[in-house]
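The figures here come from the full heavy-atom set of this structure, side chains too, leaving out hydrogens, waters and symmetry mates.
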Amino acid sequence: MSSRDIYGDAVKNALIKDGWAITEDPLRLAYGGKEVYVDLGAERTIAAEKNGQKIAVEIKSFLGKSDVKDLRDAIGQYVMYRDILLALKSERILYLAVTEDIYRSVFETPFSRLFMEREKLNLIIFDPDQEVIKQWIQQQ
């Protein structure tokens, strides 16, 4: 079962509670004769600004036998989607959405921090039970 199946509704509801409108579910990206699908596209219009913020969100569950393999797959997918968004000159900012438990057990380790910093991973940390965003982490 994919993470989209497990946490898709929880992440969608959490984003909506946080003021985002889901604009694509999934978000289709096409480049060089290939297509990929990011789990969600969302947009938030800020009343004081003309331009709203746009994001693309890939949901990761880390339910495999190895968190290292799950991290490798998540980073690979993130880099692929980020590079396609850049090539398309998209204004969307890409995020990986992970639960609080996964953030603490996987992403707060020195091993993962190495890749988070080098690959500039943006994260959305969410509570799947309460369906709320707990933290946004955007790398500079």
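Ala97 and Phe126 get closest at one heavy-atom pair: C-CE2, 3.7 Å. Listed here is the closest heavy atom pair of Pro128 and Ala10: O-CB, 3.8 Å.
Using a 4.5 Å heavy-atom threshold, the side chains of Gln138 and Ile93 count as touching. Residues Ile84 and Leu86 fail the side-chain proximity criterion, which asks for heavy atoms closer than 4.5 Å. You'll find the side chain of Leu40 reaches within 4.5 Å of the side chain of Ile59, heavy atoms only. Trp20 has its side chain within reach of Gln53: a pair of non-hydrogen atoms, C-beta onward, lies under 4.5 Å apart. Counting heavy atoms from C-beta outward, Lys12 and Val57 have side chains that stay 4.5 Å or more apart. Contact of the Arg28 side chain with the Glu35 side chain is registered, since non-hydrogen atoms from C-beta on lie closer than 4.5 Å.
The aromatic ring centres of Phe107 and Phe115 sit 6.0 Å or more apart.
Side chain of Tyr78 to main chain of Leu94: a donor-acceptor pair is present (N/O by atom type, distance under 3.5 Å, no hydrogens or angles). With Glu58 contributing its side chain and Asp39 its backbone, the two residues share a donor-acceptor pair below 3.5 Å. No donor-acceptor pair closer than 3.5 Å links the side chain of Asp127 to the backbone N or O of Val132. In this structure a side-chain-to-backbone donor-acceptor pair under 3.5 Å is present from Arg82 to Glu119. A donor-acceptor pair under 3.5 Å links the side-chain atoms of Tyr81 to the main chain of Tyr37, judged by distance alone. One N or O on the side chain of Arg92 and one on the backbone of Ile55 form a donor-acceptor pair closer than 3.5 Å. Proximity of a side-chain donor or acceptor of Asp18 to a complementary backbone N or O of Ala14 within less than 3.5 Å is not detected. With Ser112 contributing its side chain and Glu108 its backbone, the two residues share no donor-acceptor pair below 3.5 Å.
Rounded to the nearest 0.5 Å, atoms CG (Leu27) and CG (Leu85) are 7.0 Å apart. The CZ atom of Arg104 sits 14.0 Å away from atom OG1 of Thr109, with the distance rounded to the nearest 0.5 Å. With values rounded to the nearest 0.5 angstrom, Leu121 atom CG is found 8.0 Å from Leu71 atom CG. Rounding to the nearest 0.5 Å places CD of Gln130 at 13.0 Å from CG of Asn13. Distance CG/Asp70 to CD1/Ile102: 8.0 Å, rounded to 0.5 Å. Here Phe62 contributes atom CZ and Lys69 contributes atom NZ; the two are 11.0 Å apart, rounded to the nearest 0.5 Å.
Transitive grouping of hydrophobic side chains (ILVMFWY, heavy atoms separated by less than 4.5 Å) brings Met80 and Met116 into a common cluster.
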Under the side chain to side chain donor-acceptor pair (under 3.5 Å) rule, what do Gln77 and Lys60 come out as? Steps first, then yes or no, please.
-> CA-CA 10 Å; Gln77 199 171 18; Lys60 291 296 170 199; 2.2 Å; yes
Report the C-alpha separation of Ile125 and Ile133 in whole Å, then their side-chain angles, then the decisive distance to 0.1 Å, and conclude whether the side-chain contact (heavy atoms from CB on, under 4.5 Å) test is met.
-> CA-CA 6 Å; Ile125 317 304; Ile133 305 292; over 6 Å; no
What's the verdict on side-chain contact (heavy atoms from CB on, under 4.5 Å) for Leu15 and Ile22, showing C-alpha distance, side-chain angles and the deciding distance?
-> CA-CA 8 Å; Leu15 287 169; Ile22 305 302; 4.0 Å; yes
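Applying side chain to side chain contact (heavy atoms under 4.5 Å, CB included) to Leu123 and the options Tyr95, Tyr103, Trp136 leaves one that passes, Tyr103.
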